[in-house]
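Here's the structure we're looking at; comments come further down.
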Number of protein chains: 2
Amino acid sequence: MKNEIKIFSPATVANVACGFDVLGFCLDTIGDEMVIRKTEKKGIKITKIEGYDLPFEAEKNVAGVSALAMYNALQPDCGFEIEIYKKIKPGSGIGSSSASAAGSVFGMNVLLDYPLNKTQLTNFAMKGEALASKCEHADNLAPAIFGGFTLVKSACPLHVLELPTPSDVFATLIHPQIEIKTSESRAILPKDIPLSNAITQWANVGSLVHALHTSDYKLLKDSLNDVVIEPYRKQLIPHFDAIKKASLQAGALGCAISGSGPSIFMLSKGDATAQNVEKAIRDVYAKTDIAFETYVSKINTEGIKILK
Amino acid sequence: MKNEIKIFSPATVANVACGFDVLGFCLDTIGDEMVIRKTEKKGIKITKIEGYDLPFEAEKNVAGVSALAMYNALQPDCGFEIEIYKKIKPGSGIGSSSASAAGSVFGMNVLLDYPLNKTQLTNFAMKGEALASKCEHADNLAPAIFGGFTLVKSACPLHVLELPTPSDVFATLIHPQIEIKTSESRAILPKDIPLSNAITQWANVGSLVHALHTSDYKLLKDSLNDVVIEPYRKQLIPHFDAIKKASLQAGALGCAISGSGPSIFMLSKGDATAQNVEKAIRDVYAKTDIAFETYVSKINTEGIKILK
């Protein structure tokens, strides 16, 4: 039995256009690395954080909070040290806190010889996520832990559905280096929405799930629409409409806000198209004075990975 | 080439709990019979109506209106006579007008050697449906014409998705012999709904589609919930809550209003359970002074059928 593992904890995209608060998918080339180490000394200790300035106290760090929740429930005869090599910028809208919250419990579960299943791990990770977002949600955690496309049917009790991933779907992302406060992106949403828009949205969710099951890329394209949330939140993201237009012209199947933004994601059929889309959106942002990063990634159907 | 066919045009259930305005499924043992006959004399003529008192003038009869729309578009070198043996009571909430509107165009299409596909037929049938319900919708027409479970992704342009039907799903229905005006059942609905309820509803639509693809009966049960429409419309249906409670206790996977009511449907795993559910709901209504009919049916994956 190993006493230490190194893992890759991936970035994730929540909402996926039509599926606000329920759909998500997992990225492959973007994510944090973490080392989890079993110790004789009991307790949870964060011993290293690189990349971003985050608290070392376990109870103030999302990775620590989820680890403590799992640790206190299982009461193992050992302790754990956690090293975090943070590469996903906090507040980027691609599941930075989820990667941390999921990574620690995933690693501990491996070192304890898998006492918990993925749903149980997600439940503990939600405790860490709640520290970051003030509510226990799983729309980034589920794809990080289960991989691929996921649907969180309900958060309490937690019920995650693993949706199929068509083999040729690739994601492109742009992360404008601006800050959107989660409180602001929540506050901008209406409490009530027109029934007619809700009907359009649930038709799209149903057809998106059908498209994933049937690898129907044309239907995927027709389903990746958000008539409920995007009209409000896009106001917070500079040049959103230009990015969307350019990405669709470059062949993207769809383009929408990743989580609560500011990142924007596109899905495409094939790596080559995803690369073309990246070029097109870089051209849009290069003309602005906003710093940005872009990424292309296949869909990660495995989720968190053990390295080496 | 035949000059006359007799068809079975089935009853259908629209909405299917969570999928208001988009989901539907097709019944097997409940439906109208129609005879469509090619004539040398041009035009559309309704020559016989049995069962219910409906107008013979083609332009005032839903079967006639859809037939005329198709006839005027195709301009064939013949005419058609239509006989309607109406068994689905108008206003029952199980697609009575859809059966008529779909049956005439389906029959004409066969006699003309299939010039139109199912989507085109549904488009013409929508013209007839509009006469009955004042709007062109396809949530009953799509399952009647395509069979099985359907999702109307959009009505304009019409885009129907054929969902898979798990082999062991059976429907039970109760039709209380009361009248609900379509105008009333529409007027009772709110224009706006809470975003939180909409999220629950689209999570259920997504998981229902996933359940149909994976033949997951437990998930089907968990998905057959309507938090948006049922709280309003159930007020129009006497003893709805008692029927729902009794059917679920008898083993139904779910119970909800069929279309805009007054019929109520249940889905069950297996014919035997569907029969038990029928007995349970008969017991509820037998104690009231409201006349009622009940039915058990497998899901009809074929849709409209040619008889003999």
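All values derive from a computational prediction rather than experimental measurement. Proteins come first, then strands; the chains are lettered A, B, ... in the order of their sequence lines, and each starts at number 1.
The environment of NZ in B:Lys118 is crowded: more than 12 heavy-atom neighbours from other residues, nucleotides or ligands sit within 6.0 Å. More than 12 heavy atoms of other shown residues, nucleotides or ligands fall within 6.0 angstrom of atom NZ in B:Lys244. Atom OH of B:Tyr217 sits in a crowded spot, with more than 12 heavy atoms from other residues, nucleotides or ligands closer than 6.0 Å.
There is no contact between B:Asp216 and chain A, counting heavy-atom distances below 4.5 Å. Both the backbone and the side chain of B:Ile193 come within contact range of chain A, each with at least one heavy atom under 4.5 Å from a heavy atom of that chain. Using a 4.5 Å cut-off between heavy atoms, B:Leu23 does not touch chain A at all.
For the pair A:Ala203 and B:Val22, the tightest heavy-atom approach, listed with the atom from each and the gap, is CB-CG1, 3.8 Å.
Counting heavy-atom pairs under 4.5 Å between each of B:Pro194, B:Ser196, B:Ala198 and chain A puts B:Pro194 at the top. For chain B, the option among A:Val152, A:Val205, A:Leu189 with the highest count of heavy-atom pairs below 4.5 Å is A:Val205. Of the listed residues (B:Ile229, B:Thr214, B:Asp222), the greatest number of heavy-atom pairs within a distance under 4.5 Å of chain A belongs to B:Asp222.
From B:His213, atom NE2 reaches atom CG of A:Leu212 across 9.5 Å, with rounding to the nearest 0.5 Å. Atoms CD1 and OG, on B:Ile199 and A:Ser154 in that order, are 13.0 Å from each other to the nearest 0.5 Å.
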- Task: Quick one: do A:Trp202 and B:Asn204 satisfy side chain to side chain contact (heavy atoms under 4.5 Å, CB included)? Show the steps, please.
- Result: CA-CA 9 Å; A:Trp202 64 60; B:Asn204 281 327; over 6 Å; no
- Message: Between B:Lys191 and A:Leu195, does the side chain to side chain contact (heavy atoms under 4.5 Å, CB included) criterion hold? Intermediate values first, please.
- Response: CA-CA 6 Å; B:Lys191 280 203 158 45; A:Leu195 175 58; over 6 Å; no
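With hydrogens and angles ignored, the 3.5 Å screen pairs no side-chain donor or acceptor of B:Lys153 with any backbone N or O of A:Thr200.
Put simply, the side chain of B:Leu151 does not reach to within 4.5 Å of the side chain of A:His210, judged on heavy atoms.
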